[in-house]
Amino acid sequence: MKTVITFGTFDVFHVGHVNLLQRAAAFGDRLFVGVSTDALNFSKKQRYPIYNQKDRMKIINSLRYVNLCFEEESLELKRHYIEYYKADVLVMGDDWEGKFDEFSDICEVKYLLRTPSVSTTQLIEVISSSED
Ligand code: C2G
């Protein structure tokens with residue numbers, strides 16, 4: 001049984017997220033997803049996600065590619081999560097290229113191409129400008 005793990009915020013869920021999760025799942029038999037908490041987002045970006053973590057987890061949990069979803073409470077806990085969930089492969093989008101190579105001693109590390117022309121930040125901008 002090969003376990004794949006990935007991490008993300010998945011705020012304002014969109015097709016770029018689906019593409020990433022679908023391709024990640026194809027690298028193994030089951031996919032575990034660490035969803036970053038609201039507090040972790042606030043500490044990184046000084047703002048909370050649009051969707052709270054309970055709703056973001058509910059969306060991720062409802063996907064057929066995803067077998068388990070857990071809260072990612074700190075960026076520094078990646079090694080712990082990989083070991084705890086006995087992950088064989090860590091998958092991240094290529095915006096993180098090279099950032100997680102240090103974990104190649106305990107699992108395979110793969111970076112996938114991001115889906116072009118879609119992002120949560122851009123969606124927030126489009127929605128907020130259409131409200132003016
Ligand atoms: N993604 C993608 N294509 C897009 C947008 C996002 O492939 N157009 C991928 C990202 O590369 C990432 C995943 O979807 O692998 C989730 O994206 P974000 O929610 O932006 O995740 P992020 O806030 O970068 O993760 O430990 C990492 C943290 O949890 C933060």
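What you see is a predicted model, and the numbers here were worked out from it, not measured in a lab. Each ligand, and each atom within it, is numbered from 1 in the order the structure gives. Side chains included, hydrogens not; waters and symmetry mates left out as well; all remaining heavy atoms used. Counting from 1, the numbers follow the sequence of the chain as shown.
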query = Is there at least one protein heavy-atom neighbour under 4.0 Å from atom 8 (N) of ligand 1?
reply = yes

request  = For atom 28 (C) of ligand 1, grab the closest protein heavy atom and report residue, atom and distance to one decimal in Å.
outcome  = Glu72 OE1, 3.4 Å

query = Can you tell me the protein heavy atom closest to atom 18 (P) of ligand 1 and the distance?
reply = Thr9 N, 3.9 Å

inquiry  = Tell me whether Arg64 at atom CZ has more than 12 heavy atoms from other residues, nucleotides or ligands lying less than 6.0 Å away.
reply    = no

key: Contacting atoms of ligand 1, where contact means under 4.0 angstrom from a heavy atom of Gly93   = 11 (O), 15 (O)

request  = Mark yes or no: Lys78 above the aromatic ring of Phe7, with NZ or CZ under 6.0 Å from the six-membered ring centre and no more than 45 degrees from the axis.
outcome  = yes

inquiry  = Do Arg56 and Asp11 make a side-chain contact, defined as non-hydrogen atoms from C-beta onward lying under 4.5 Å apart?
reply    = yes

message = Between Lys110 and Glu108, does any NZ, NE, NH1 or NH2 come within less than 4.0 Å of an OD or OE carboxylate oxygen?
response = yes

key: Polar proximity ligand 1 side, Gly34 side, N/O cut 3.5 Å exclusive   = no

key: Selection from Lys99, Gln122, Arg114, Arg56 by shortest heavy-atom distance to atom 6 (C) of ligand 1   = Arg114

task = Could you check Tyr85 against Phe70 for ring pair (Phe, Tyr, Trp, His ring centres under 6.0 Å), going step by step and ending with a plain yes or no?
result = CA-CA 10 Å; Tyr85 290 108; Phe70 62 92; 4.4 Å; yes

request  = Consider ligand 1: state whether an atom of it lies below 4.0 angstrom from any non-hydrogen atom of Thr115.
outcome  = yes

remark   = Short version for Leu112: what comes under 4.0 Å of ligand 1, heavy atoms counted, is neither

inquiry  = Pairs of nitrogen or oxygen atoms closer than 3.5 Å, one from Lys78 and one from ligand 1: do any exist?
reply    = yes

key: Trp96: numbered ligand 1 atoms lying under 4.0 Å from its heavy atoms   = 24 (O), 25 (O), 27 (C), 30 (C)

message = When you group the ILVMFWY residues by side-chain heavy-atom contacts below 4.5 Å and let the links chain together, are Leu63 and Leu68 in the same group?
response = no

ask   = Which bit of Val118 is near ligand 1, meaning a heavy atom under 4.0 Å away: side chain, backbone, both or neither?
value = both

message = Can you tell me if Lys86 has over 12 outside heavy atoms packed within less than 6.0 Å of its NZ?
response = no

note = In this structure, atom 16 (C) of ligand 1 is nearest to the protein heavy atom Phe10 CE2, 3.6 Å

query = Are Phe32 and Leu21 joined in one hydrophobic group, where the rule is that I, L, V, M, F, W and Y side chains link up if heavy atoms are under 4.5 Å apart?
reply = no

query = Any nitrogen or oxygen of Ser119, main chain or side chain, under 3.5 Å from a nitrogen or oxygen of ligand 1?
reply = no

ask   = Is any NZ, NE, NH1 or NH2 atom of the basic residue among Asp105 and Arg79 found under 4.0 Å from an Asp or Glu carboxylate oxygen of the other?
value = yes

request  = Considering heavy atoms of the protein only, find what lies nearest to atom 30 (C) of ligand 1 and give residue, atom and distance to 0.1 Å.
outcome  = Lys44 NZ, 3.3 Å

key: Which residue and heavy atom of the protein sit nearest atom 25 (O) of ligand 1, plus the separation   = Gly8 CA, 3.4 Å

ask   = Side chain, backbone, both or neither: which part of Asp95 comes within less than 4.0 Å of ligand 1 when only heavy atoms are counted?
value = side chain

inquiry  = For ligand 1 and Thr6, I'd like to know whether there is a polar contact (N/O to N/O, distance under 3.5 Å).
reply    = no

ask   = What class does the angle between the rings of Phe10 and His17 fall in, given that below 30° is parallel, 30 to 60° is tilted and above 60° is perpendicular?
value = perpendicular

task = Could you check if a side-chain atom of Asn41 sits within less than 4.5 angstrom of a side-chain atom of Thr37, using non-hydrogen atoms only?
result = no

message = Return the closest protein heavy atom for atom 20 (O) of ligand 1 as residue, atom name and distance.
response = His17 NE2, 4.7 Å

